[in-house]
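Encoded as structure tokens, the structure appears first; notes follow it.
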Amino acid sequence: MTLRFATLGPADSNHALVLSRYLAARGLVGRQGLVNAPGTPSAPGRAGAPDPGEPVADACVDITLIDDFPAAFEALVIGGHDYVLQVSAHPSHADCVGRFMHRAFPVDAFVAPSRPLALVARREIKTPRSVLRQPATRHYTDLGALEEHDAETIVAALDALLAGAADAAIVAADSLTKYPERLRLIRPLGAALDTWVLYANRPLLPSREQGPMLGTDDAVSKHFRATKDNMST
């Protein structure tokens with residue numbers, strides 16, 4: 001049986017990276033054929049990592065990379081996806097929580113770093129006057145001297161920067177090694193440490209058991225197994 005996960009694309013996005021790492025920690029990557037993202041452990045059981053609970057026997061994983069979270073949540077609540085992963089810093093997070101209340105349920109939450117970020121400029125620009133940034137990154141560094149422009153994702157910010165849409169951008173730091181002839185470093189920003197939330201179309205626990213501590217890693221593993229079992233009935 002296949003567990004269907006969805007998160008924000010494209011393939012080199014932070015969402016795709018973190019989902020790959022999450023599935024590895026849950027012991028699912030080896031059973032569904034995804035190529036591990038850079039820095040992703042090839043197997044669970046890292047030193048200091050929480051116990052992921054019992055593995056989900058015979059489960060495969062299918063990942064859909066989406067470009068619109070409200071549409072992904074709409075698909076989730078009607079059964080098009082089993083799980084949707086979203087970072088709480090995403091601009092649509094609060095809207096999705098409110099719009100899909102009592103229909104999309106948080107079943108897991110964890111803290112994970114993004115790819116290291118950097119403020120970079122096009123090499124031919126000596127004094128940048130404009131910057132592209134995904135809205136969630138706008139306070140990662142002082143941009144007060146620059147005219148700010150929104151980009152939907154960090155990947156989109158890089159693409160637009162390379163196309164000449166602005167002088168500078170907040171992008172993944174490895175963009176400097178990918179495009180050394182076109183980009184130069186203004187300021188390293190490091191990796192953001194964010195809270196990530198996994199949603200399903202049914203709650204983790206019966207309502208009478210919900211409380212300040214929503215559940216345990218083992219409860220999430222049981223949730224995965226129940227999803228698989230429901231597919232076979």
Side-chain angles (χ1 to χ4, degrees), residues 5-22 34-40 63-75 81 84-96 99 111-197:
F5 288 78
T7 196
L8 189 67
D12 56 351
S13 68
N14 277 323
H15 278 78
L17 171 68
V18 171
L19 179 56
S20 178
R21 290 175 172 172
Y22 175 82
L34 279 184
V35 177
N36 286 353
T40 303
I63 295 176
T64 299
L65 297 178
I66 54 93
D67 58 10
D68 180 71
F69 269 121
F73 274 81
E74 289 283 4
H81 307 305
V84 171
L85 181 69
Q86 184 183 46
V87 68
S88 62
H90 193 274
S92 71
H93 179 73
D95 183 63
C96 288
R99 184 184 302 184
V111 174
S114 69
R115 283 186 169 88
L117 302 177
L119 178 62
V120 306
R122 301 195 337 259
R123 278 202 173 273
E124 68 270 22
I125 305 297
K126 292 184 178 181
T127 305
R129 300 185 182 278
S130 58
V131 62
L132 287 151
R133 82 286 186 277
Q134 200 269 355
T137 70
R138 65 187 181 277
H139 298 305
Y140 285 6
T141 189
D142 183 8
L143 302 175
L146 301 171
E147 178 184 338
E148 299 182 34
H149 300 280
D150 285 352
E152 188 171 353
T153 66
I154 290 171
V155 175
L158 174 62
D159 290 342
L161 177 66
L162 294 173
D167 299 336
I170 293 178
V171 299
D174 63 6
S175 302
L176 291 162
T177 59
K178 292 178 180 178
Y179 302 99
E181 304 301 320
R182 302 185 62 184
L183 302 176
R184 65 177 178 85
L185 177 67
I186 298 176
R187 193 175 305 133
L189 303 178
L193 198 59
D194 292 311
T195 303
W196 298 77
V197 185

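Remark: Thr195 engages no residue in a side chain to side chain donor-acceptor pair (under 3.5 Å) (not counting sequence neighbours). By the side chain to side chain contact (heavy atoms under 4.5 Å, CB included) test, Leu85 is found to be paired with Thr7, Val18, Leu19, Phe110, Trp196, Leu198, residues two or more places apart in sequence or in another chain being considered. Here His15 pairs with nothing under the side chain to side chain donor-acceptor pair (under 3.5 Å) rule; sequence neighbours left out. Every residue was checked against the side chain to side chain donor-acceptor pair (under 3.5 Å) condition with Glu152, not counting sequence neighbours, and none meets it.
The shortest non-hydrogen separation linking Gln86 to Cys96 is NE2-SG, 4.1 Å. Taking both residues in full, the closest heavy atoms of Ala151 and Pro135 are given as O-CD, 3.4 Å, listed atom of the first, atom of the second, then distance. Between His93 and Val197, the shortest heavy-atom distance links the atoms CE1-CG2, 4.2 Å. Between Ala165 and Leu132, the closest heavy-atom pair is CB-CD1, 4.3 Å. Of all heavy-atom pairs between Leu65 and Ala16, the closest is CD2-CB, 4.0 Å. Shortest non-hydrogen contact noted between Arg129 and Asp167 is N-OD2, 2.8 Å.
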Pairs under 3.5 angstrom only: tabulate donor-acceptor contacts from the side chains of residues 175-189 to other protein residues two or more places apart or in another chain.
| unit_1 | atom_1 | unit_2 | atom_2 | d |
| --- | --- | --- | --- | --- |
| Ser175 | OG | Ala172 | O | 2.8 |
| Thr177 | OG1 | Asp174 | O | 2.7 |
| Arg182 | NH2 | Leu162 | O | 2.6 |
| Arg184 | NE | Ile125 | O | 3.4 |
| Arg184 | NH2 | Ile125 | O | 2.9 |
| Arg184 | NH2 | Lys126 | O | 3.2 |
| Arg187 | NH1 | Thr141 | OG1 | 2.6 |

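Checking side-chain atoms of Ser114 against main-chain N and O of Asn14 turns up no donor-acceptor pair under 3.5 Å. Checking side-chain atoms of Thr153 against main-chain N and O of Ala156 turns up a donor-acceptor pair under 3.5 Å.
Contact annotation: the side chain of Phe69 approaches that of Val84 to within less than 4.5 Å [non-hydrogen atoms, C-beta and beyond]. Leu161 places a side-chain heavy atom less than 4.5 Å from the side chain of Arg122. Leu146 is not listed as a side-chain neighbour of Ser130, based on a closest heavy-atom distance of 4.5 Å or more. Taking the side chain as every heavy atom from C-beta outward, Asp150 and Arg133 approach each other to under 4.5 Å. Proximity of Val155 to Asp159: side-chain heavy atoms (C-beta onward) are separated by under 4.5 Å at one or more points.
Residue pairs meeting the salt bridge (Lys or Arg N to Asp or Glu O under 4.0 Å) criterion with at least one member in residues 64-74: none, sequence neighbours excluded.
With values rounded to the nearest 0.5 angstrom, Leu8 atom CG is found 5.0 Å from His90 atom NE2. In this structure, the separation between CG on Leu143 and NE2 on His149 is 11.5 Å, given to the nearest 0.5 Å.
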